[in-house]
Amino acid sequence: MAAWQVEFFVIPKRMLASVPSPIPVSMLGTHAWWAGVELPLDYRARLAATATPAHVAGHDVEIWGPQDANYIEVSNEAGRPIRVRACVDVRQPDAKFAAGLITFARAAGAALVRADGSVIEPTAGGFGLALRESAAWRYVQDHRLGSSVVDLSRGDSD
């Protein structure tokens, strides 16, 4: 994951009742959240409408989008989805990707859980706030400011 990406896990809301809040970070990428819970039957089509399917050499992971930008992956075990993860590129926010991810989470009866364990309702406002409060957002903003700030103490001016 790149410094400019915010990582989310798409987790069924009914699974959230049985875990501590915030969710321990160690559980997010290892727990089989979707084992025993069905994703929407058309999840592949929904995700393909959100990002371009990527070729993967194997059947354990399905990927949509480039890994250094807006990206969704579905991890499978024995041919069944067990985990859904999305990385959101905050360098150039993409409304289509955001809307697709939010709509997908709603259709799946899921919440978005940021990599720090914070549970986010799949709404535009909640999603936007989760992005703006992320380390990736601060990273991008700091680099944008850093490139346009003039250090007058060194005599750098036009």
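S118 places no side-chain N or O within 3.5 Å of a backbone atom of R114 that could act as its donor or acceptor partner.
For the ring-ring contact (aromatic ring centres under 6.0 Å, His included) test, no residue two or more places apart in sequence or in another chain qualifies with W34. By the side-chain contact (heavy atoms from CB on, under 4.5 Å) test, A32 is found to be paired with A35, I82, residues two or more places apart in sequence or in another chain being considered. Residues passing the side chain to side chain donor-acceptor pair (under 3.5 Å) test with R91 are D89, sequence neighbours excluded. Looking at residues two or more places apart in sequence or on another chain, you find no salt bridge (Lys or Arg N to Asp or Glu O under 4.0 Å) involving D68. Listed by chain and number, the residues in a salt bridge (Lys or Arg N to Asp or Glu O under 4.0 Å) with R44 are E62 (sequence neighbours excluded). By the salt bridge (Lys or Arg N to Asp or Glu O under 4.0 Å) test, D94 pairs with no residue at all, sequence neighbours left out. The side chain to side chain donor-acceptor pair (under 3.5 Å) check on E38 picks up R80, with sequence neighbours excluded. For R85, the side-chain contact (heavy atoms from CB on, under 4.5 Å) partners two or more places apart in sequence, or in a different chain, are E7, F9, Y71, E73, C87.
When all heavy atoms of V10 and L101 are compared, the closest pair comes out as CG2-CD1, 4.2 Å. Listed here is the closest heavy atom pair of F8 and V6: CE1-CG1, 3.5 Å. Across all non-hydrogen atoms, the minimal contact from V90 to P93 is O-CD, 3.8 Å. Heavy-atom minimum distance, G117 versus L28: N-CD1, 4.0 Å. Smallest separation of non-hydrogen atoms from V74 and N76: O-ND2, 3.6 Å.
Counting only heavy atoms from C-beta outward, the side chains of I23 and V113 approach each other to under 4.5 Å.
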Identify each donor-acceptor pair in which a side-chain atom of residues 104-111 lies under 3.5 Å from a protein atom, sequence neighbours left out, and give them as a table.
from, atom 1, to, atom 2, distance (Å)
R106, NE, P122, O, 2.8
R106, NH2, P122, O, 3.2

Donor-acceptor pairs are to be reported for all side-chain atoms of residues 124-136 against protein atoms at under 3.5 Å, with residues two or more places apart or in another chain.
from, atom 1, to, atom 2, distance (Å)
R132, NH1, G128, O, 3.3
S134, OG, L131, O, 2.6
S134, OG, W137, N, 3.0

For residues 13-20, dump all side-chain donor-acceptor pairs below 3.5 Å to protein atoms at least two apart in sequence or in another chain.
from, atom 1, to, atom 2, distance (Å)
K13, NZ, E121, OE1, 2.9
R14, NH2, G36, O, 3.3
S18, OG, M15, O, 3.1

Output side-chain donor-acceptor pairs under 3.5 Å for residues 45-53, partner residues at least two apart or in another chain, one line each.
from, atom 1, to, atom 2, distance (Å)
R46, NE, D42, OD1, 3.0
R46, NE, D42, OD2, 3.4
T50, OG1, R46, O, 3.0

